[in-house]
Amino acid sequence: MERNGGHYTDKTRVLDIKPLRTLRPVFPSGNQAPPFVCAPPFGPFPPGFSSFYPFSSSQANQHTPDLNQAQYPPQHQQPQNPPPVYQQQPPQHASEPSLVTPLRSFRSPDVSNGNAELEGSTVKRRIPKKRPIARPENMNFESGINVADRENGNRELVLSVLMRFDALRRRFAQLEDAKEAVSGIIKRPDLKSGSTCMGRGVRTNTKKRPGIVPGVEIGDVFFFRFEMCLVGLHSPSMAGIDYLVVKGETEEEPIATSIVSSGYYDNDEGNPDVLIYTGQGGNADKDKQSSDQKLERGNLALEKSLRRDSAVRVIRGLKEASHNAKIYIYDGLYEIKESWVEKGKSGHNTFKYKLVRAPGQPPAFASWTAIQKWKTGVPSRQGLILPDMTSGVESIPVSLVNEVDTDNGPAYFTYSTTVKYSESFKLMQPSFGCDCANLCKPGNLDCHCIRKNGGDFPYTGNGILVSRKPMIYECSPSCPCSTCKNKVTQMGVKVRLEVFKTANRGWGLRSWDAIRAGSFICIYVGEAKDKSKVQQTMANDDYTFDTTNVYNPFKWNYEPGLADEDACEEMSEESEIPLPLIISAKNVGNVARFMNHSCSPNVFWQPVSYENNSQLFVHVAFFAISHIPPMTELTYDYGVSRPSGTQNGNPLYGKRKCFCGSAYCRGSFG
DNA sequence: GGAGTATCACGACG
DNA sequence: CCGTCGTGATACTC
């Protein structure tokens with residue numbers, strides 16, 4: 001999938017489906033350019049949001065090239081002002097205890113939160129302390145985004161704004177689920193987070209413009225209207241047509257900048273490059289009958305854009321049947337070809353606009369439509385080796401695909417969905433379940449499982465992880481809560497994955513479905529061992545997960561200062577695992593063994609413990625860092641192995657050369 | 001019991 | 001400062 005200079009014009013070949021966001025940037029200089037896997041949510045970060053990776057100031061001035069918009073129209077200038085680095089970190093060294101001390105079990109357990117029953121157990125855990133945020137600090141909350149960057153964004157800023165919005169949204173959703181909200185209920189966490197970000201300046205591209213929006217790429221996916229609002233792709237929080245008033249020849253007139261197709265009426269059988277769009281207005285309301293649409297506002301703007309041959313951005317709203325979620329895909333620029341009036345369902349006049357996608361843009365919506373066809377099996381996925389490499393072990397099939405060479409599959413291994421614990425692995429302890437009937441109610445502090453999580457329910461109602469934590473405690477089969485939502489990582493893979501052959505990094509993993517930030521992807525399955533009891537050589541194998549590696553810290557959780565709630569707390573995002581765990585997936589494993597390393601990953605791992613055969617085990621669970629467009633390779637940070645002995649403060653280098661191609665690539669890993 | 005439908009509460013921008 | 005634009009989650013129906 002990393003063939004350089006792929007053709008974007010031949011829409012008839014299902015074969016040529018690219019990820020919605022191209023993997024490889026088109027650099028003018030040709031093929032020495034590194035592949036670009038997924039732009040990281042690196043800086044600029046506000047105070048409290050550390051940059052994803054340590055980088056020097058010279059690196060900090062680099063910009064991720066605006067990828068797949070480079071060809072059409074001619075790319076705008078890169079932003080003149082590099083985004084500021086708010087919290088520049090020195091390179092992390094092995095000598096830093098926070099990084100090289102995987103075992104925190106010596107820390108005295110905090111029994112102040114009613115966790116006394118855990119004392120003396122093998123797994124000692126620290127319950128994050130509630131730390132109310134001082135008011136004055138809240139009042140002075142700074143988004144850290146300066147005026148220029150707020151007007152004209154860039155890729156890093158766009159990703160950072162989206163991350164911060166969603167972190168806050170998840171937190172509001174969690175508070176709402178628990179009915180803990182300080183000031184009333186939060187029925188719409190997306191609106192609450194969105195308006196908070198708006199008000200606090202966590203936004204970019206506020207200067208409204210037609211055409212390209214700096215930092216937003218064709219194929220980017222969104223799950224909320226507000227996300228498009230915050231990054232300047234489409235500013236109305238509800239309306240489908242965004243427009244700008246410009247000076248015309250005689251008077252001011254509106255021209256359209258972007259439209260969001262709801263996906264319900266705007267269907268055009270067959271050709272994904274054509275959109276028949278319905279104008280706005282005229283719908284029945286609670287105190288209004290439906291009526292004829294008028295040629296004003298957005299409708300007028302589209303009409304004027306048609307006259308001026310002014311292209312508009314199109315965002316396709318889609319209903320993803322698989323996980324019952326509506327998503328929005330930015331599908332690039334379209335030209336308005338014609339308009340007419342038509343009787344709508346209610347019998348009133350509606351405006352119709354025919355839009356045709358500008359040529360030369362990477363596919364986005366077209367890829368999505370092709371994927372929907374693969375799901376039906378006709379035509380079958382091109383390059384398909386196996387329709388389900390799990391042989392039905394996973395509830396959703398995992399395709400095995402090779403479109404780059406003649407390799408017909410990875411070396412033999414046994415596919416399993418459960419971790420195998422070796423005899424020597426003595427993390428076993430009696431498990432304390434809860435006694436909630438049917439389901440554990442968020443906010444119910446009588447539930448042992450919720451108390452183990454520091455009082456918070458770790459997931460939102462639809463199974464999205466709210467915050468990274470040293471450890472997540474899930475309910476277990478022995479808990480009576482049969483329908484409980486606190487079992488997310490035990491329910492198996494929920495997205496439609498495929499294992500595919502990469503150009504230069506062996507086999508990789510990606511998804512046919514768009515993945516929401518915080519979604520569970522899979523656990524790392526393999527033979528788990530206590531690292532202190534195995535020879536060093538085992539850790540050097542491919543297909544091994546090692547919790548004792550040194551991992552770059554990054555901030556994913558909400559900012560308490562932004563949330564501005566007394567109930568918000570600062571908590572550690574560093575994993576805290578009671579034993580040095582190493583999992584070998586060489587002989588037995590699941591899809592996780594195919595996930596490649598990246599220095600700018602889109603997936604992170606999180607320790608999760610739950611019971612298995614009446615004993616508590618630690619699992620490594622993977623979650624999406626940000627929204628991941630379909631067909632984008634899934635990658636996580638493998639970290640760097642920590643050789644025995646002291647490091648004397650020298651930086652660590654991985655044993656394997658990195659081909660992740662990120663602008664912030666560290667060169668090696670593992 | 002999964003797909004359609006009702007209901008509810010909300011924000012930006014012109 | 002008020003009207004215009006639907007949305008997203010959930011409870012409900014069939």
Side-chain angles (χ1 to χ4, degrees), chain A residues 150 165-166 168-170 172-179 181 183-203 205-209 222-246 252-266 277-302 304 315-328 344-346 350-351 439 441-442 459-464 483 485 516 627:
Chain A
R150 214 173 294 177
F165 161 81
D166 202 59
L168 188 58
R169 186 196 62 79
R170 295 190 306 267
F172 283 139
Q174 182 181 53
L175 290 170
E176 162 65 11
D177 288 346
K179 294 283 188 285
S183 49
I185 53 172
I186 309 164
K187 273 274 166 62
R188 292 287 302 269
D190 57 319
L191 299 186
K192 173 95 173 166
S193 175
S195 64
T196 305
C197 290
M198 279 279 181
R200 300 300 190 93
V202 180
R203 59 185 299 192
N205 291 316
T206 55
K207 199 182 104 189
K208 199 179 270 195
R209 74 202 79 203
F222 303 90
F223 285 78
F224 299 93
R225 290 288 302 258
F226 243 116
E227 294 177 324
M228 298 183 280
C229 194
L230 291 171
V231 300
L233 183 63
H234 184 84
S235 54
S237 57
M238 297 171 86
I241 307 168
D242 195 7
Y243 60 94
L244 182 65
V245 176
V246 298
E252 292 195 330
E253 62 182 33
I255 58 161
T257 55
S258 56
I259 60 170
V260 178
S261 99
S262 71
Y264 294 123
Y265 332 96
D266 325 308
Y277 189 75
T278 306
Q280 64 187 187
N283 291 325
D285 208 311
K286 58 176 181 295
D287 43 27
K288 199 178 68 184
Q289 290 285 328
S290 59
S291 57
D292 286 348
Q293 292 186 341
K294 297 188 187 72
L295 191 57
E296 58 185 23
R297 306 175 215 281
N299 300 341
L300 181 61
L302 284 171
K304 296 288 183 186
I315 298 110
R316 298 273 196 161
L318 311 165
K319 186 106 170 149
E320 191 118 77
S322 47
H323 41 101
N324 201 26
K326 187 164 182 186
I327 65 170
Y328 299 94
K345 274 183 192 151
S346 63
T350 57
F351 290 97
L439 80 168
K441 220 174 160 299
Y459 305 104
T460 63
N462 49 9
I464 302 286
T483 57
K485 297 270 179 64
R516 235 194 231 214
H627 303 329

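Numbered from 1 within each chain, the chains take letters A, B, ... in sequence-line order.
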Atom-pair distance (CZ on A:Phe172; C1' on C:dG8), nearest Å: 17 Å
d(CG, A:Asp177; P, C:dG8) in whole Å: 17 Å
A:Thr257-A:Lys208 side chain donor-acceptor pair, cut-off 3.5 Å: no
Separation of C:dT4 P from A:Gln280 CD (nearest whole Å): 11 Å
Separation of atom OH in A:Tyr328 from atom C1' in C:dT7, rounded to whole Å: 6 Å
Sugar-phosphate only, base, or nothing, as touched by A:Arg225 at under 4.0 Å among non-hydrogen atoms: sugar-phosphate
Most 5' of A:Gly298 and A:Arg169 on DNA chain C, judged by nearest nucleotide: A:Gly298
Donor-acceptor pair between A:Asp242 and A:Ser235 side chains, under 3.5 angstrom: yes
For nucleotides 11-14 of chain B, list the nitrogen or oxygen atoms of the protein found under 3.5 Å from its nitrogen or oxygen atoms, one pair per line.
from, atom 1, to, atom 2, distance (Å)
B:dG11, N2, A:Ser237, OG, 3.1
B:dG11, N3, A:Ser237, OG, 2.8
B:dG14, OP1, A:Lys208, NZ, 3.2

Partner residues of A:Asn462 under the side-chain hydrogen bond (donor to acceptor under 3.5 Å, both in side chains) criterion, sequence neighbours left out: A:Thr460
Whole-Å distance separating the CD1 atom of A:Ile327 from the C1' atom of C:dT7: 16 Å
Between C1' of B:dG4 and NZ of A:Lys326, the distance in whole Å: 15 Å
Heavy-atom donor-acceptor pair, A:Arg297 side-chain to C:dT4 base, under 3.5 Å: no
Listed partners of A:Glu253 passing side chain to side chain contact (heavy atoms under 4.5 Å, CB included), at least two apart: A:Val246, A:Lys304, A:Arg308
Which residues share a side chain to side chain contact (heavy atoms under 4.5 Å, CB included) with A:Leu318, sequence neighbours left out: A:Arg316, A:Ile327, A:Ile329, A:Phe365, A:Trp368
Within residues 225-240 of chain A or reaching into it, pairs that qualify as salt bridge (Lys or Arg N to Asp or Glu O under 4.0 Å) - sequence neighbours excluded: none
Separation of atom CZ in A:Phe223 from atom C1' in C:dG8, rounded to whole Å: 13 Å
Closest-nucleotide ordering on DNA chain C, the 5'-leading residue of A:Gly461 and A:Gly279: A:Gly279
d(CZ, A:Arg170; P, C:dA9) in whole Å: 14 Å
Nearest listed nucleotide, side chain of A:Asp190, among C:dC5, C:dG8, B:dA9: C:dG8
Counterpart residues, side chain to side chain contact (heavy atoms under 4.5 Å, CB included), relative to A:Lys207 (two or more places apart): A:Glu151, A:Asn152, A:Arg209
Phosphate OP1/OP2 of C:dC5: any A:Asn283 side-chain N/O under 4.0 Å: no
